[in-house]
There are 2 protein chains.
Amino acid sequence: MSVKHALLALLEQQPMYGYQLRVEFEQRTGTTWPLNVGQVYTTLTRLERDGLASAEGEDAEGHLIYRITDAGRDEVATWFTTPVSRTQPPRDELAIKLALAVTVAGVDVGTVIQQQRSATMAALQDYTRLKRQAGSSTVAPAEPAEPADLAWSLVLDSLVFGAEAEIRWLDHCEARLRRAAVERSAAPTTSAPASERSTR
Amino acid sequence: MSVKHALLALLEQQPMYGYQLRVEFEQRTGTTWPLNVGQVYTTLTRLERDGLASAEGEDAEGHLIYRITDAGRDEVATWFTTPVSRTQPPRDELAIKLALAVTVAGVDVGTVIQQQRSATMAALQDYTRLKRQAGSSTVAPAEPAEPADLAWSLVLDSLVFGAEAEIRWLDHCEARLRRAAVERSAAPTTSAPASERSTR
DNA sequence: ATGGCTATGTATACCGGGTATGTGTTCGGC
DNA sequence: GCCGAACACATACCCGGTATACATAGCCAT
């Protein structure tokens, strides 16, 4: 649903045609989520079907211009004011993989964790490299001047924070698994002290 | 692709029928990602089509049993050994929303951030409540937590780490926006006057 | 006992997200 | 003058996800 609302929000700025919407979207999210052009057109037809936007004929260059409707404006407003719900978070492939790895036999969980950890670290370095590049486009100032640059920079930060959390979680998993293995081998019958003080 | 591989990994343990696979999956991920039964059957037919599993007739109760193939075993092995790539991360609705909010006019970004922040905090409390419940299930018995309980607990931790990162990112965004606003009001004309308001 | 509720179990229709691909035009550089 | 890149639109296709239909079995309460 994010692409649909993003296009609507862009249309609220001014009427636009399909390709233009793609360019505007990618200016704000950079190379993070390259938006396939086809999806723009299918989304636009759905928006028109649902009465949130309407095709307004062609402009001087012959582009099919879409304009947001009042219902569309309402939709955008509620989108911005309603927080994204974490009650039904999207499936996290890594979490599912780890959950399966610890429950099925014959999988070396430690190796899975370590390989994922180095991959995530590599991604993290890519992000910091991208941040440096983004900063170098506007030569002297360290801060992006254009709002679109600021948006792309914030998106990058989001990726960084997510990757850092992933690494922390992987380390946390490793620690818990190691502790569980020790307890299982040490005190299999007695109610061992469940004292939990992880090293933060 | 995560559901497909998860089902394959479960089938590697033993041959199973559709409903059983759903139960096993949800035992490991709890209420986080309730798996619609329909998806199990469609995924199973695709697995059979791709030669990764095969329907093996019915068991004593008349259930259609699926069995993993050698190709399926290879697929699971590579799934576990290959880290999930962060080069094409799934679209993050919140990041997209913020990116759009800072670039389109007439949106109070601060309010968007604050509302999202409290929603995420509420989710975080739900998670800790769930963790308490999960811990209380193994109160009296000296039974060392089942592997499925451990998996569900790790998945919960993953949600917690993700939510914490989201809150940190939101605070970070707020700080950056405040700083940008200060700089914009303090030094509006440094060197390039045309760079400021060139809304294409 | 029977009517309803829940759990078990399978199957299909449908929609939206996402990718690949096909088809043109325009424009600048070699 | 030609070639490739950018521009611009459209469609086919697959997969993930949800809703829904359908059927049986057990259980509980009036």
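We name chains A, B, ... by the order of the sequence lines, and we start the count at 1 in each one. All heavy atoms count here, side chains included; hydrogens, waters and symmetry mates do not.
Atom CG of B:Leu44 and atom C1' of C:dG9 are 13 Å apart (whole Å). Straight-line distance from the OH atom of B:Tyr41 to the C1' atom of C:dC14: 19 Å, rounded to whole Å. Regarding B:Arg91, its CZ atom lies at a distance of 15 Å from the C1' atom of D:dC15, rounded to whole Å. Distance CG (B:Leu7) to C1' (D:dC15): 14 Å, rounded to an integer number of Å. Straight-line distance from the CG atom of B:Leu35 to the P atom of D:dC15: 17 Å, rounded to whole Å. Distance CG (B:Leu64) to P (C:dT12): 12 Å, rounded to an integer number of Å. Summarising the geometry, the separation between CD on A:Glu93 and C1' on D:dC15 is reported as 13 Å, rounded to the nearest angstrom. In this structure, CD of A:Gln20 is placed 9 Å from P of D:dC9, rounded to the nearest angstrom.
Contact annotation: A:Arg22 side-chain N/O to D:dC9 OP1/OP2 distance is not under 4.0 Å. Residue B:Tyr19 places at least one side-chain N or O under 4.0 Å from the OP1 or OP2 atom of C:dT8. Distances shorter than 4.0 Å separate some side-chain N or O of A:Arg46 from OP1 or OP2 on C:dG16. Between B:Tyr17 and the phosphate of C:dT10, there is no side-chain N or O to OP1/OP2 separation shorter than 4.0 Å. Taking 4.0 angstrom as the limit, A:Gln39 places a side-chain polar atom (N or O) nearer than this to OP1 or OP2 of C:dG18. Contact check, B:Arg49 against D:dC14: no side-chain N or O comes under 4.0 Å of OP1 or OP2.
Checked by atom type, the side-chain pair B:Thr103/A:Arg28 shows a donor-acceptor distance below 3.5 Å. B:Glu166 and B:Thr120 share a donor-acceptor pair across their side chains, judged by distance under 3.5 Å alone. A donor-acceptor contact under 3.5 angstrom links the side chains of A:Glu174 and A:Gln114, judged on distance only.
You'll find that the side chain of A:His63 is closest to D:dA8, out of D:dA8, D:dG17, C:dT10.
In terms of position along DNA chain D, the nucleotide closest to A:Ile65 lies nearer the 5' end than the nucleotide closest to the other residue of the pair A:Ile65 and B:Asp50. If you find the closest nucleotide of DNA chain C to B:Val23 and to B:Gly38, the one lying nearer the 5' end belongs to B:Val23.
Using a 4.0 Å heavy-atom distance criterion, A:Val3 is classed as a sugar-phosphate-only contact.
Relative orientation of the B:His5 and B:Trp79 rings is parallel, given thresholds of 30° and 60° on the angle between their planes.
When all heavy atoms of A:Leu124 and A:Ala163 are compared, the pair lying nearest together is CD1-CB, 3.6 Å.
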